[in-house]
Each structure stands twice: as structure tokens, then as C-alpha cells.
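Below: the structure, in C-alpha cells.
All residue numbers in this chain count up from 1 along the given sequence. Keep in mind that the numbers below use all heavy atoms, side chains included, and drop hydrogens, waters and symmetry copies.
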Amino acid sequence: MSLPKTASLQAFTLNNQKITIKNIAPTTTLLNVLRKKAFVGPKEGCAEGDCGACTVALLSQNAKGKACYKAVNSCLVPIANVINKEVISVEGIGTAEALHPVQENMVNLAGSQCGYCTPGFVMSMFAAYYDDNDVARSDKVFEGNLCRCTGYLPIRKALQSLEAPKSDDVFLKKLEESEFHGGSHGVQIEHNQITYNQPPTLNDALDLLEQNPKARLLAGGTDLILEIYLGHYKPETLISLEAIPELQEISIFDAQIKIGAGVVLNHVESELKGYFPAIDEMLNWFASTQIRNRATLGGNIATASPIGDMPIALLALDASLVLVSKEGERTIPLADFFLDYRKTALAANEIIETIIVPKTTNLNQSYKVGKRGTDDISIVSASYSIGLDGDTITEARLAYGGVAAIPARAKDVETFLIGKAWTKETISEAKTLLQNAFTP
């Protein structure tokens, strides 16, 4: 595939204004572009997606395909990903004469003190204000926003006392009238020895990968963009998978569920809630709303971190992966995917297309220990799936993160459990065996 090269002049919409950019590396963060354009409400606090001071909203779509506003960390969004898209920053939602209801509540309830974190809180609340699900008034809205001086009590009150948007609200009307599109399709941007490709189909992406076997695949970018920003990696060719419809599908069948590798984690959470307690629990502690609005399931697997959250739950659930290339496709158990530290069975010309999770009646649950409850990496994590026939254990999968160079299963302990009675005594014996199962 040969993509049409774009001119150096690019554009996106910011607060209803067309913003043009030229001669800029496609991996430059949205935050840096905003601040250079004098939109300085978004702040750089941690530059890692932890503090939320840089939060803006993207006009996007939810898991049902309906237009919505998504809170994202602008420090982790490459500017190439928002070409032809619409961004809303804190400067665009109100004025001194007519504050947005979110801003009014923050003022009236003293939700701001030093003010550094306030724009990020406001934009997280802004996205939630137009979301009609139960989470929109819960503390999960603020998972990715840190406040060091005001404290959360008045900020929580500001959120919880919000009324529903009025019918003449301009941002509500925009959602009702919006026909969301995915931004730049089939475009190639070259600058500063970096080539960015955003192919429109999976086949196009595979063509590009075959032509550029050393290219890095870019999904949500919450890990890769940080790597680039910190100077740990200088890309030459990036292939963005964000606009590929084949990677965005969730299909529920009688015996299994197929999840496209490009599905963002908040969509996994909303669409599959109740199917797998192990996945539900792990997603509950996975980073923050802003990160889950960008991070993809396939990306979390492909990065192959030994403390990655989702592979642990998926290992316990006996998931498998569909890997595709120009030569065809192959399906492998997730347990065979991780080979060594940050090394996987994915060939240079392959892309993860689908994650297949068998439906199960097994008891399954996940646990995670981190320095913070949410918005933090794991120190250690665990996920279990236990099959029972009466009180007898017929199946056992115990998966752990942070105890080895790869996400790993305690296979000897699993073997010990089979055929045993499901009792406290059995669990106690298994716990003793687990102490020698790994050498972290």
C-alpha cells in the first residue's frame, strides 16, 4: 500500500476554531501544541498521564457508536492522532461572563485553591456532565486527577450537585447533531525523520508493516508516546491502528467473546461488565478514566510488561489471540505469547487482531496491589479461575504479574489443586506452595 503524503500543513478543531500546524513531528504531544498556541489552561504536571492537569476532551464515540466527549491526557496524545478531529480545552467551555455549569459549581463550592489542577478537574467533569451512565456522578470521574491543596470533598460536591444539561446547551446539541468520524484516514505524515501512517483498513496496515518490518505499531499510545517523550525511543516509522474498523469490534457468542485488539479499555468495561468478574475487577483498578479512554486491550498485551494488568486476568480465563499477517492468520493461547521480558511470539509482520475469551462458569476474580488504589502500576497482581464439580476442584488457573520476567501461571500449584476439595485447608496448602512457585 502506498499512502498519499500530506502537505506539511495540518489542521484540527479546537474550541470551534480551526488550528493549523506545520513542520512539526507527528509524535509531538497535543499538550505541547496547545501551549505553544497559547491555550495554557491544560498544564504539564507529571507528563506521564498520572496527574490529570493536562486533561482535555475529545469529540469521540462510545462503545455503542454514539457521539460523546472523552476526557484524555493531552500529554499522551500525539498531535497526528487529532488531525481532522475536534478537541475541547478548558478555554472553550465558558467565559468570565457565562461560566459552564461545571465551572460555576467549582466556584460556588470552593473546589479550587491554587488552581493548577483545576482545568483538568473541570474537563473531567465536563466529559462526565454529558455522559448519562451511572459512572458519570461517581468518584471514578476523578481517578486520573490529583489535587494537593483543595482536597476532594468540595470537588466531589461540585460534581454530585450538577443537574442534567439543559436542552439548549450548545455542547449537548453538538453531540446530538454530530456524525463522528475517526479523523485522518489513509494519511502519511513525514517530518523530522519520522513517518506516521494511519491506514484505513487492516489489510492496508499489513501492507505497510510488510514494507516497513521495523515499524512500531501505535494503538492508544499511552505507553509508547511516553517512551518517545522521555527520550527512551526515537521512532522512524509509526503505523497507527486507531482508524481500523476491524479492530474495534466486540462480538458475543454462545461459548466465547471476541474482542478487537483496538477496543479501548473503557469500552471493554462498559460492554462486557458482568461476564468475567476477573476482568471487571482488574479494569476497576486499571489506571484512570483518561488512560482507559485511550489504552487498548491489544496494546496492553503487546507491550508485554510483566506487571501489565489485563494479561493476568486473560491468562486465568484461558484467552487466546488471533494474529494476522499478509500470509494469513494463526491463533495461539495467550499462555504461549509471552516468551521473555518484553519479548513475545508476535512476528515482525503480524498484528494482534482479536482476543478470544471463552465464557465460563468458573469462579474467577482478580487482585492488584499498588502504591495507590487507582492510577498506578501494579507491584504484584493475581487472577484466579477455579472450576468446581460440587466441592471438588476440576480446573484451576492461577496467573500472576510482578513475580517473573513475564506474566506467569503457577502451573505446579494448579496441578496440586486438581481433584482436591474446595476447602480452607486446601487453599492454605496452595498458599504455602505458592511461596516457592516464583523467584521474583
Using only atom types and a distance under 3.5 Å, with no angle test, would you say the side chain of [X] pairs donor to acceptor with the backbone of [Y]?
{"X": "Asp280", "Y": "Gly274", "answer": "yes"}
{"X": "Ser383", "Y": "Ala399", "answer": "no"}
{"X": "Glu227", "Y": "His232", "answer": "no"}
{"X": "Ser270", "Y": "Asn266", "answer": "yes"}
{"X": "Asn73", "Y": "Cys75", "answer": "no"}
{"X": "Arg137", "Y": "Gln160", "answer": "no"}
{"X": "Glu246", "Y": "Leu202", "answer": "yes"}
{"X": "Asp376", "Y": "Gly370", "answer": "no"}
{"X": "Ser325", "Y": "Glu350", "answer": "no"}

Seminar exercise, completed: Only one of Leu226, Ile228, Thr27 passes side chain to side chain contact (heavy atoms under 4.5 Å, CB included) with Tyr233, and that residue is Ile228

Problem set entry | Sole residue of Val72, Asp50, Thr222 in side chain to side chain contact (heavy atoms under 4.5 Å, CB included) with Ile291 |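 That would be Thr222; it is the only one of Val72, Asp50, Thr222 passing the side chain to side chain contact (heavy atoms under 4.5 Å, CB included) with Ile291.
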
Can you tell me how far apart [atom1] ([X]) and [atom2] ([Y]) are? Round to the nearest 0.5 Å.
{"X": "Ile332", "Y": "Leu323", "atom1": "CD1", "atom2": "CG", "answer": "5.0 Å"}
{"X": "Thr13", "Y": "Ile88", "atom1": "OG1", "atom2": "CD1", "answer": "9.5 Å"}
{"X": "Ile352", "Y": "Thr344", "atom1": "CD1", "atom2": "OG1", "answer": "7.0 Å"}
{"X": "Glu271", "Y": "Ile250", "atom1": "CD", "atom2": "CD1", "answer": "5.5 Å"}
{"X": "Leu162", "Y": "Lys157", "atom1": "CG", "atom2": "NZ", "answer": "14.5 Å"}
{"X": "Leu218", "Y": "Thr237", "atom1": "CG", "atom2": "OG1", "answer": "12.5 Å"}

Where is the tightest heavy-atom contact between [X] and [Y], given as atom of each residue plus distance?
{"X": "Pro235", "Y": "Ile194", "answer": "O-CG1, 3.5 Å"}
{"X": "Ile355", "Y": "Ala319", "answer": "CG2-CB, 4.3 Å"}
{"X": "Pro26", "Y": "Pro78", "answer": "O-CB, 3.5 Å"}
{"X": "Thr296", "Y": "Gly220", "answer": "CG2-N, 3.9 Å"}
{"X": "Phe338", "Y": "Pro311", "answer": "CZ-CB, 3.8 Å"}
{"X": "Arg409", "Y": "Ala335", "answer": "NH1-CB, 4.3 Å"}

For this session: I would like to know whether Glu210 and Leu206 meet side-chain contact (heavy atoms from CB on, under 4.5 Å); could you show each step before the answer?
Result: CA-CA 6 Å; Glu210 192 168 50; Leu206 292 172; over 6 Å; no

Would [X] and [Y] pass as an ion pair if we require N to O under 4.0 Å?
{"X": "Glu242", "Y": "Arg294", "answer": "yes"}
{"X": "Glu236", "Y": "Arg216", "answer": "no"}
{"X": "Glu176", "Y": "Lys173", "answer": "no"}

State, with a plain yes or no, whether a side-chain heavy atom of [X] is found less than 4.5 Å away from one of [Y].
{"X": "Ile259", "Y": "Leu272", "result": "yes"}
{"X": "Asn362", "Y": "Ile386", "result": "no"}
{"X": "Tyr275", "Y": "Val357", "result": "no"}
{"X": "Arg397", "Y": "Leu315", "result": "no"}
{"X": "Tyr69", "Y": "Lys174", "result": "yes"}
{"X": "Lys70", "Y": "Val264", "result": "yes"}
{"X": "Pro199", "Y": "Ile239", "result": "yes"}
{"X": "Ser385", "Y": "Asp318", "result": "no"}

Problem set entry | Test side-chain contact (heavy atoms from CB on, under 4.5 Å) applied to Asp131 and Cys68, step by step | CA-CA 7 Å; Asp131 193 338; Cys68 69; over 6 Å; no

Could you go through residues 108-123 and list every donor-acceptor pair under 3.5 Å that involves a side-chain atom there, pairing it with any protein atom two or more places apart or in another chain?
{"unit_1": "Asn108", "atom_1": "ND2", "unit_2": "Glu104", "atom_2": "O", "d": "3.2"}
{"unit_1": "Ser112", "atom_1": "OG", "unit_2": "Thr118", "atom_2": "OG1", "d": "2.7"}
{"unit_1": "Tyr116", "atom_1": "OH", "unit_2": "Glu44", "atom_2": "O", "d": "2.6"}

Less than 3.5 Å apart, any donor N or O on the side chain of [X] or [Y] sitting next to an acceptor on the other?
{"X": "Asp309", "Y": "Ser381", "value": "no"}
{"X": "Glu91", "Y": "Ser89", "value": "yes"}
{"X": "Asp169", "Y": "Tyr130", "value": "yes"}
{"X": "Asn284", "Y": "Glu269", "value": "no"}

Exercise. Partners of Tyr367 by ring-ring contact (aromatic ring centres under 6.0 Å, His included), sequence neighbours excluded?
Worked result: Tyr384

Does atom [atom1] ([X]) have a neighbourhood of more than 12 heavy atoms from anything else shown, all under 6.0 Å?
{"X": "Lys326", "atom1": "NZ", "answer": "yes"}
{"X": "Arg148", "atom1": "CZ", "answer": "no"}
{"X": "Lys140", "atom1": "NZ", "answer": "yes"}
{"X": "Lys359", "atom1": "NZ", "answer": "yes"}

Problem set entry | Chi angles and distances behind the ring-ring contact (aromatic ring centres under 6.0 Å, His included) call for Phe126, Phe171 | CA-CA 10 Å; Phe126 169 85; Phe171 294 101; 5.1 Å; yes

Exercise. Can you check side-chain contact (heavy atoms from CB on, under 4.5 Å) on Thr303 and Arg342, steps first, answer last?
Worked result: CA-CA 7 Å; Thr303 195; Arg342 299 280 188 174; 2.8 Å; yes

Problem set entry | Partner set under side chain to side chain contact (heavy atoms under 4.5 Å, CB included) for Asp254, not counting sequence neighbours | none

Problem set entry | Trace of the side chain to side chain donor-acceptor pair (under 3.5 Å) decision for Gln290 with Asn145 | CA-CA 9 Å; Gln290 291 98 314; Asn145 296 87; 3.1 Å; yes

Problem set entry | Test side-chain contact (heavy atoms from CB on, under 4.5 Å) applied to Ile79 and Asn32, step by step | CA-CA 9 Å; Ile79 192 63; Asn32 283 342; over 6 Å; no

